[in-house]
Every structure is written in structure tokens, then in C-alpha cells.
A.B. asks: 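This is the structure I want to talk about, given as C-alpha cells.
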Amino acid sequence: MTIVLHNTLTRKAEPLQPLREGHIGMYVCGPTVYDDCHIGHLMGPAIFDAVARWFTARGLRVRFVNNITDIDDKIINRSRETGEPWQAITERIIAQYNGWLKMLHVATITDQPRCTQYVAQMVRYVEELVAKGRAYVAADGVYYEVTRQENYGKLSGRRLDEMEAGARIERDAHLHHPADFALWKLAKPGEPSWPSPWGDGRPGWHIECSVMSSELLGGAFDIHGGGDDLKFPHHENEIAQAEAHGDAYASCWMHNGLVQYEGVKVGKSDPRMKDAAFRRQFMADHLIGTYGAPTIRFLLLSGHYRRPIDFGPAAIAAAKTALTRLLKQLGQRCEAPAAVADAAALARLLEPTLPPQADKARAAFCTALDDDINTGAAIAQLFTLASEANKAPEAQRGAILDVCCGLGRVIGLFQPGDLAALSAGSAAGAGDERLGQVMALVLELRQKARANRDFATSDLIRDRLKAAGITVKDGKDGATWE
RNA sequence: GGCGCGAUGGCGGAUCGGCUACGCAGCGGAUUGCAAAUCCGUUUAGCCGGGUUCGACUCCCGGUCGCGCCUCCA
């Protein structure tokens, strides 16, 4: 077994070689908590949850750190605009964020450090950078000096002289170089602040990840993940700080593709975002409320993590249809409690003898995930397994579906309650008990009509209900509606 | 201007030097009183021009187009 991962730093696929035998330290940049969660915030955790789950199934012990930026200019500004205390904003959004992660079955995060909990360590870290002559104190804070670094820009593949030529970097009088960035920002009156040798203030954005990752995972760790948009400047600057500090930092960098709409990235300053209805399409509450959390997880995993994902309504609806079909076929076995699969659990799934085609699909599932966590190709094998189950003799069917369900669960699909979560969005009012009783009566009367071969009455009932937005389905165990 | 990524069937989206990806939609069939649902089967590919090769969607070179980053972003 060898897991191969694409490393952004080397731009090559490399075999995963844990720094510490049997263990993986993984750090994934989390959100700045100043506003309601959108799908971009959830993408990283969901994707890297699948990564962590696969590592676990392959016998590795994963420490998965996902930080929270809970102090930042945006938070301060929001508080000023709304009057809500900044701590109240961050607490509220963190609770919301964790709620969504739970619904998406993100279960592998082991640490969720907050920036404000590590300010003392950050101050110490910055002091060391200043002492080493890699940072300098200016009028409004402490800055990292990029020109003192040999290979600044190696992650994103850019050079300082080229960047200087770029028209979009504005010269700031007190910076030694336009690419220098803040390690510590001195507070203006009324702003939240922490003490430091340079005066009260708050940490810069990039320093928190360098500090928290090394605090929790050590100065050298296995994997650093995040959205593709963080490659520069955020991750580049993390590397810069860590190297100046004397740390090896992350061996492998993984970047997930970003949210798109009709082929174009949906970003913070996208002109389309000015339209409230457009913006709403990407909010977590809208997506999860409309399509169900399992659909969103499924969609996120149905391609390759490095590719962007288009969140057009048609694509999401297709994902929902496909997932619903699988879940229905798998049935009750998805409702059993599911733990994150370890090596023993995966071994149990690989053990049963299956018909050749199903066996091939099962093997292909693992191969796909070993190959840079190709969840899309892996999911395709789940469909193949489901299809093979239908073709197989009755006696083998259950065994194939058990394997299919089990494998899906390895990447966090097919969890208890998923099918219900999918229908919850569409069947408005289904939870109404009185409506349920009325419907039971209506269907009973219709059944009587059908028994008498009075199809005119039977169809009248069905058509009228259809017009009212209720679909009647005759199954072999009686009719159902939704 | 610099750096990087991509171009696959009606749509989304993988793999692979010769063998069905897969899903959605469509079509045909089974089932059904008729539908729905379900199941089975199935049509439609690989930007353009060169090259390597017995053979390329797959490798190499060139072009075209699209996208991302170079500023806040997950």
C-alpha cells in the first residue's frame, strides 16, 4: 500500500512518507469567523475529512488541525458596523460552522485552535524573528522582511523582482519592500488588543498558522492543506516565517479547487456577488437546507479535490438524484451507527469473496483513493458495485451491498439519517402529523377503489394530489407519498 | 506583463498508450390497470496542427481557446 499525493510545492505526485512512522500531522486553514458560512468554508473540511478518513483506513493515525481565525480586521469592522461585540460574533459563527461540519459528517478534525488562544506564542515567535534580523519594527507594527529570504516565492512560483513589476502592489512608505507583510499590528484606540514588546496590538494573518501548526504538530509536519486561493500570499508567507524561524514546516502541500459558477470562480470581490440572490446560492444554510447535507458532501467528493467545483443548480440536483438512488438501494444498512473506518474495518470490507466484476470494483475503489485521493473515481466504483449487486444472484446481493455501503462510509458517505436528510428538503410539511393521518386515509380509500378496479377514481385522487404537489407512488407494499 | 492549470459525449466528471469509467439526461425493454419508482440494456466523446509508436483521447512539440493566481478570499 502506497498513497501518492500531489505536492503543490514540488508540483509532482509523491509517495506519502510519514515523518513519524504510522502517524500523520495535517493542518488545514480554517475560516475567519465574521459572517455566515458559505460553501467555500465547508469545502476544505469536507475534502480533507475524506483525506483523513482514507489515511485512517490505511492504518495511519491522523492528527487533523483546523484553525479558526477569531481576530482580524474583518471581525473588528463587522463589530463596528453592527454593534455586536466581536467575541459574540465569533462565538456565533464558530457554533454555526461546527453545526454544518457535523451535518456534513466531518468527523476527523482533532484540534480546532483559535487564534486568540495562541497570542502569547505568536508574540514569542515574532520576537525570535526580530532577534534573527528577519523582521523589523515600523510605525504601525512589525513586518517580515522578504528580501532577507533566499527563495521567497517557491510555493507559488513567483520571484520578488517580478512581483515588484506588478502594478497592483502599492508602495507603502514604511515598508522596506512592497511584499513585506505584517506579523504584528499595533492597535488603534478602541480595538481589541494584546500586550507585546512593541505595544498593544494583534497578530497578523499569516503568523497564526505558522505558530499554531508548530505548536500542535511540531516544526516539521506532514501535510498542509487549504483552498487554492491561499497559496499566495498566505501559504507562501507561512513558509517564509517558518523558514526564518528555523522550521522545516510542511512536507506536502495540498490545495483544493475553488467554488465556481458557470465556469468562473465565485470569490469575495466577484461582481456577481453584489446580487443578493446570487450570493445566497452559495450560503451553507441555503445549500444544505435545499439539497440536504449528504448531497453537498457527495458533490464535493464526486470530482477530484484539486479541480474546481461548479455549484450550478443542475449539477447539485443531479448529485442529489444519484445519491438518493444509491441510498435507497443500500437501504437500512446505512442506518447502522458508523465509526471512522480504521485498517481493521477496511480489511473486513476487503475480505468477503465477491463476484469478479464486483471484486474488481472494490479493488479499484482503493486504487483510486491511493492515487491522490481520487474520490470521484472511487465513487464511480460504488455505483458499479450497486449495479453488480442487482445483477448478482439473490444470495450474493446482500454481501455486495454491504461492501458498497462500507466502502462509501470509509469516505464519510452513507451515514445514518442521510436518506431522511435528503427528503427533508423536498417534502415540506411531511412532518405534519395531521397531514400524515389525512394522507393515510386518502390512500386507503384509493386502495379500495383500486381493489374494485375503479381506476377512474384511483387516478382522479392521484392527479388531484399531484396538482397539490403531492406525488403518490404505488409500491408492492402499498402506496407512499411525498 | 509574470506564474500556474485545464480543453473528454446533451450536461457534469474520471481513467487509460490497444480493453464499458461513472452519474444525470435521452432512447429501448422488463415490471405496472395506467403512472411513478425500481431494474436491465443502449446511442452520443476526447480543441486544432505536427511528431513518437505496430497503434494515442492517453506521451512529446507548437498553436488556439478557457480558467486561476499575482489585492481580500476557503
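Below, chain A is the first sequence line, B the second, and so on; all start at residue 1.
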A.B. asks: Check every atom of B:rU15, B:rA7, B:rA74 against the side chain of A:H38 and return the nucleotide holding the closest atom.
C.D. replies: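 Between B:rU15, B:rA7, B:rA74, the one nearest the side chain of A:H38 would be B:rA74.
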
A.B. asks: Please report the distance separating the C1' of B:rG10 from the corresponding atom of B:rC59, rounded so that it comes out in whole Å.
C.D. replies: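 Rounded to whole Å, the distance is 30 Å.
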
A.B. asks: Any base atoms under 4.0 Å from A:H304, or only sugar-phosphate, or nothing? Heavy atoms, all strands.
C.D. replies: sugar-phosphate

A.B. asks: Relative to the ring of A:W253, is the ring of A:Y249 parallel (under 30°), tilted (30 to 60°) or perpendicular (over 60°)?
C.D. replies: tilted

A.B. asks: B:rA74, B:rG23, B:rG33: which one has an atom nearest the side-chain heavy atoms of A:A322?
C.D. replies: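 Output: B:rG23.
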
A.B. asks: Go nucleotide by nucleotide along RNA chain B from the 5' end; which of A:L323 and A:D371 gets its closest nucleotide reached first?
C.D. replies: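 Looking at RNA chain B, the more 5' nearest nucleotide goes with A:D371.
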
A.B. asks: Quickly work out the A:N237 CG to B:rU71 P distance and round it to whole Å.
C.D. replies: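 After rounding, the reported distance stands at 11 Å.
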
A.B. asks: Which listed nucleotide (B:rC67, B:rC69, B:rA74) is nearest to the side chain of A:K265?
C.D. replies: B:rC69

A.B. asks: Remember a base hit wins even if backbone is also touched, and classify A:V264 as base, sugar-phosphate or nothing at under 4.0 Å, heavy atoms.
C.D. replies: sugar-phosphate

A.B. asks: Please report, rounded to the nearest Å, how far the C1' atom of B:rC3 is from the CZ atom of A:R158.
C.D. replies: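 Computing the A:R158:CZ to B:rC3:C1' distance gives 6 Å.
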
A.B. asks: Between B:rA74, B:rC24, B:rA7, spot the one nearest the side chain of A:N256, thanks.
C.D. replies: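 Closest of the options to the side chain of A:N256: B:rA74.
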
A.B. asks: Determine whether a donor-acceptor pair (one donor, one acceptor, N or O, separation below 3.5 Å) exists between the side chain of A:S458 and the base of B:rG33.
C.D. replies: yes

A.B. asks: Measure across A:L300 and A:A46 and return the closest heavy-atom pair with its distance rounded to 0.1 Å.
C.D. replies: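 So the minimum-distance heavy-atom pair works out to CD1-CB, 3.6 Å.
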
A.B. asks: Under 4.0 Å, counting only non-hydrogen atoms across every strand here, what does A:G40 touch: a base, just sugar-phosphate, or nothing?
C.D. replies: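 Base contact.
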
A.B. asks: Heavy atoms under 4.0 Å, any strand shown: does A:P45 hit a base, just sugar-phosphate, or nothing?
C.D. replies: nothing

A.B. asks: Is B:rC47 paired to anything, Watson-Crick or G-U wobble with both distances less than 3.5 Å, and if yes, which nucleotide?
C.D. replies: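 Its partner is B:rG63 (Watson-Crick or G-U wobble, both distances under 3.5 Å).
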
A.B. asks: Whole angstroms only, please: what is the NZ-C1' distance between A:K268 and B:rC73?
C.D. replies: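 These atoms are roughly 5 Å apart.
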
A.B. asks: Could one point to a donor on the side chain of A:D459 or the base of B:rG33 with an acceptor on the other under 3.5 Å away?
C.D. replies: yes

A.B. asks: Tell which nucleotide pairs with B:rG18, taking only Watson-Crick or G-U wobble pairs whose two distances are both under 3.5 angstrom.
C.D. replies: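 Across any shown strand, B:rG18 pairs with B:rC54.
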
A.B. asks: How would you label the contact of A:D228 with the nucleic acid (heavy atoms, under 4.0 Å): base, sugar-phosphate, or nothing?
C.D. replies: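 Sugar-phosphate contact only - A:D228 comes under 4.0 Å of backbone atoms but never of a base.
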
A.B. asks: Could you tell me how far B:rG26 sits from B:rA37 if I compare only their P atoms? Round to whole Å.
C.D. replies: 10 Å

A.B. asks: Between the side chains of A:E243 and A:K154, is the shortest nitrogen-to-carboxylate-oxygen separation below 4.0 Å, so that they form an ion pair?
C.D. replies: yes

A.B. asks: B:rA74 C1' sits how many Å from A:D35 CG, rounded?
C.D. replies: 14 Å

A.B. asks: Mind checking if A:K154 touches a base, just sugar-phosphate, or nothing, with heavy atoms under 4.0 Å?
C.D. replies: nothing

A.B. asks: Write down the distance separating the P atoms in B:rG33 and B:rC11, rounded off to the nearest Å.
C.D. replies: 39 Å

A.B. asks: Specify the separation, in whole Å, of atom CG of A:L258 and atom P of B:rC70.
C.D. replies: 11 Å

A.B. asks: Using the C1' atoms only, state how far B:rG46 lies from B:rU20, rounded to an integer number of Å.
C.D. replies: 16 Å

A.B. asks: Choose from B:rC34, B:rC69, B:rA14 the nucleotide whose nearest atom is closest to any side-chain atom of A:A377.
C.D. replies: B:rA14

A.B. asks: Side chain of A:Q260 only, please: which of B:rC67, B:rA14, B:rC34 is the nearest?
C.D. replies: B:rC67

A.B. asks: With C1' as the reference atom in both, quote the distance from B:rC40 to B:rU32 in angstrom, rounded to an integer.
C.D. replies: 16 Å

A.B. asks: Looking across every strand, which nucleic acid part, if any, lies under 4.0 Å from A:V266 by heavy atom: base, sugar-phosphate, or nothing?
C.D. replies: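 Base: the residue A:V266, judged by heavy atoms under 4.0 Å, touches a nucleobase.
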
A.B. asks: What about the rings of A:Y261 and A:F282, do their centers lie closer together than 6.0 Å?
C.D. replies: yes

A.B. asks: Check whether the side chain of A:K320 and the base of B:rC24 form a donor-acceptor pair under 3.5 Å.
C.D. replies: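 Counting by modelled atom types and ignoring angles, no donor-acceptor contact under 3.5 Å is found here.
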
A.B. asks: Taking any strand in view, what nucleotide pairs with B:rG33 in a Watson-Crick or G-U wobble way, both distances under 3.5 Å?
C.D. replies: none

A.B. asks: Can you check the A:I379 CD1 to B:rA21 P distance for me, whole Å?
C.D. replies: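 Computing the A:I379:CD1 to B:rA21:P distance gives 19 Å.
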
A.B. asks: Can you find a side chain N or O atom of A:S387 that sits less than 4.0 Å from OP1 or OP2 on B:rC40?
C.D. replies: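 For A:S387, the contact criterion (side-chain N or O under 4.0 Å from OP1 or OP2 of B:rC40) is met.
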
A.B. asks: What's the CG-P distance between A:D463 and B:rC34, to the nearest Å?
C.D. replies: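 In whole Å, B:rC34 P lies 15 Å from A:D463 CG.
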
A.B. asks: Strictly by Watson-Crick or wobble contacts shorter than 3.5 Å, is anything paired with B:rU42, and which nucleotide is it?
C.D. replies: B:rG26

A.B. asks: As a quick check of understanding, evaluate side-chain contact (heavy atoms from CB on, under 4.5 Å) for A:L369 and A:T375, giving each step before the final call.
C.D. replies: CA-CA 6 Å; A:L369 291 172; A:T375 49; 3.9 Å; yes

A.B. asks: Nearest of B:rA74, B:rG6, B:rC24 to any side-chain atom of A:R325?
C.D. replies: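 Between B:rA74, B:rG6, B:rC24, the one nearest the side chain of A:R325 would be B:rC24.
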
A.B. asks: Expressed in whole Å, how much space separates the P atoms belonging to B:rU43 and B:rC5?
C.D. replies: 36 Å

A.B. asks: With a 4.0 Å cut-off on heavy atoms, is A:D310 in touch with a base, just the backbone sugar-phosphate, or nothing at all?
C.D. replies: nothing

A.B. asks: Could you tell me how the ring of A:Y27 sits relative to the ring of A:F221: parallel (under 30°), tilted (30 to 60°) or perpendicular (over 60°)?
C.D. replies: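 It falls in the tilted class, 30° to 60°.
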
A.B. asks: Any carboxylate oxygen within less than 4.0 angstrom of a Lys/Arg side-chain nitrogen, looking at A:R53 and A:D49?
C.D. replies: yes

A.B. asks: Can you find a donor-acceptor pair, distance only, under 3.5 Å between A:R462 side chain and B:rC34 base?
C.D. replies: yes

A.B. asks: Do the side chain of A:S269 and the base of B:rC72 come within less than 3.5 angstrom through a donor-acceptor pair of N or O atoms?
C.D. replies: yes

A.B. asks: I'd like the P distance from B:rU38 over to B:rC24, given in whole Å.
C.D. replies: 9 Å

A.B. asks: Taking only the side-chain heavy atoms of A:R450 (C-beta and beyond), determine which of B:rC34, B:rG4, B:rA74 contains the nearest atom.
C.D. replies: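 From the listed options, B:rC34 comes nearest.
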
A.B. asks: State whether A:R78 and A:D35 are salt-bridged, where the test is any N-O pair (Lys NZ or Arg NE/NH1/NH2 against Asp/Glu carboxylate O) under 4.0 Å.
C.D. replies: yes

A.B. asks: Using the P atom as the point on both nucleotides, what is the distance between B:rA21 and B:rU8, in whole Å?
C.D. replies: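 Between the two P atoms, the distance is 16 Å.
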
A.B. asks: Without decimals, in angstroms, what is the distance between A:F232 CZ and B:rC73 C1'?
C.D. replies: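 Taking CZ of A:F232 and C1' of B:rC73, I get 14 Å after rounding.
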
A.B. asks: Salt bridge or not between A:K231 and A:E236? Use side-chain N to carboxylate O under 4.0 Å.
C.D. replies: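 Salt bridge: no.
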
A.B. asks: Using a heavy-atom cut-off of under 4.0 Å over every strand shown, decide if A:N390 touches base, sugar-phosphate, or nothing.
C.D. replies: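 The answer is sugar-phosphate, as A:N390 gets under 4.0 Å only of primed atoms, P, OP1 or OP2.
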
A.B. asks: Using a 4.0 Å heavy-atom cut-off, does A:F383 contact any base of the nucleic acid, only the sugar-phosphate backbone, or nothing at all?
C.D. replies: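 Sugar-phosphate, no base atom in range.
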
A.B. asks: For residues A:H206 and A:H235, establish whether the separation of their ring centroids is below 6.0 Å.
C.D. replies: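 Aromatic pair excluded; centres sit 6.0 Å or further apart.
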
A.B. asks: What is the base-pairing partner of B:rC3, counting Watson-Crick and G-U wobble geometry with both distances under 3.5 Å?
C.D. replies: B:rG68

A.B. asks: Looking only at side-chain N and O atoms, does A:K391 come under 4.0 Å of OP1 or OP2 in B:rG41?
C.D. replies: yes

A.B. asks: At under 4.0 Å between heavy atoms, what does A:G44 touch on the DNA or RNA strands: base, sugar-phosphate, or nothing?
C.D. replies: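 Nothing: the residue A:G44, judged by heavy atoms under 4.0 Å, touches no strand.
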
A.B. asks: Return whichever of A:T32 or A:Q329 has its heavy-atom-nearest nucleotide of RNA chain B closer to the 5' end.
C.D. replies: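 Nearest-nucleotide comparison on RNA chain B picks A:Q329.
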
A.B. asks: Of the nucleotides B:rA74, B:rC73, B:rC70, which has the atom closest to the A:V259 side chain?
C.D. replies: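 So the nucleotide nearest the side chain must be B:rA74.
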
